[in-house]
> 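Starting off with a structure, shown below.
Because only heavy atoms are used, hydrogens play no part in the values below, and waters and symmetry mates are left out as well, while side chains stay in.
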Amino acid sequence: QVHLAESGGGLVQAGGSLRLSCAASGRTLSNYAVGWFRQAPGQERECVAVIARNGVNTFYAATVKGRFTISRDNAKNTVYLQMNSLKPEDTAAFYCATTSRGYSFTTYSNQGTYDVWGQGTQVTVSS
């Protein structure tokens, strides 16, 4: 059974940093693309970053580009989301998900592209 576990969320002041982790069991993440999504209360879930299966191609939403960095540690079977210069509008529940499909940010941004999701971790940025 495939399981994704997010961690690293918490409360941080605006301008601060957090690093989220997405650890997998039952699936080798290097064989899949991994996306990070976030959902704020009352808003739709949005894709913020994706790392492709090759581990080289990355994609970012315009709202986080230059502030967030997605990376993968194959030895730990974990994908990270380094978040810098956090803003109050980054406050959301963050989820990771994996897929064997997709090839562009447009397809990766589609939640239906992903077949396994984690339970999420809360990020709260205070002003």
> With salt bridge (Lys or Arg N to Asp or Glu O under 4.0 Å) as the test, pick out the partner of R38 among E46, E44, E6.
E46

> Do V34 and R72 come within less than 4.5 Å of each other through their side chains, counting heavy atoms only?
no

> Nearest 0.5 Å, please: how far is CD1 in I51 from OG1 in T98?
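Nearest 0.5 Å value for the OG1-CD1 distance: 13.0 Å.
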
> I'd like to check L29 versus N74 (side-chain heavy atoms, cut-off strictly below 4.5 Å). Are they in contact?
no

> For a quick test of reading the model, state the closest non-hydrogen atom pair linking S21 to T78 and the distance between them.
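For S21 and T78, the tightest heavy-atom pair comes out as CB-CG2, 4.1 Å.
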
> According to a hydrophobic-cluster definition based on side-chain heavy atoms being under 4.5 Å apart (Ile, Leu, Val, Met, Phe, Trp, Tyr only), do V48 and V116 belong together?
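Looking at the clustering, V116 is in the same group as V48.
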
> How far does CG of N77 sit from CG of L4, to the nearest 0.5 angstrom?
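Result: 9.0 Å between the selected atoms.
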
> Are any of the side-chain heavy atoms of T91 and Q122 separated by less than 4.5 Å?
yes

> Check whether V79 and V2 end up in the same hydrophobic cluster, where Ile, Leu, Val, Met, Phe, Trp and Tyr are linked by side-chain heavy atoms less than 4.5 Å apart.
yes

> Rounded to the nearest 0.5 Å, what separation is found between the CD atom of Q13 and the OG atom of S127?
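Rounded to the nearest 0.5 Å, the CD-OG separation comes to 9.5 Å.
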
> Rounded to the nearest 0.5 Å, how far apart are SG of C22 and CG of L81?
10.0 Å

> For A40 and A92, which heavy atoms make the closest approach, and how far apart are they?
N-CB, 3.8 Å

> Any non-hydrogen side-chain atom of L20 less than 4.5 Å from a side-chain atom of M83?
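With C-beta onward as the side chain, the pair touches.
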
> Would you list the atom pairs, donor with acceptor, under 3.5 Å between side chains in residues 61-68 and any protein atom, with sequence neighbours excluded?
unit_1, atom_1, unit_2, atom_2, d
R67, NH1, S85, O, 2.9
R67, NH1, D90, OD2, 2.7
R67, NH2, T63, O, 2.9
R67, NH2, D90, OD1, 3.0
R67, NH2, D90, OD2, 3.4

> Can you give me the closest heavy-atom contact between L86 and V12, atom names plus distance?
CD1-CG1, 3.6 Å

> Taking atom CD of E89 as the centre, report whether more than 12 heavy atoms of other residues, nucleotides or ligands fall under 6.0 Å from it.
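For E89, atom CD is crowded (more than 12 foreign heavy atoms under 6.0 Å).
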
> Any ring pair (Phe, Tyr, Trp, His ring centres under 6.0 Å) pairs touching residues 7-64, not counting sequence neighbours?
F37-Y114, F37-W117, F59-Y108

> Between the main-chain N or O of G112 and the side-chain N or O of R101, is there a donor-acceptor pair closer than 3.5 Å?
yes

> Which heavy atom in G9 sits nearest to a heavy atom in T121, and how many Å separate them?
N-OG1, 3.2 Å

> Scan for disulfide (SG to SG under 2.5 Å) pairs involving residues 24-65, sequence neighbours excluded, and state none if there are none.
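Counting only pairs at least two positions apart or across chains, no disulfide (SG to SG under 2.5 Å) contact touches residues 24-65.
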
> What's the shortest heavy-atom distance between N84 and S17, and which atoms?
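Closest approach of N84 to S17: OD1-OG, 2.9 Å.
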
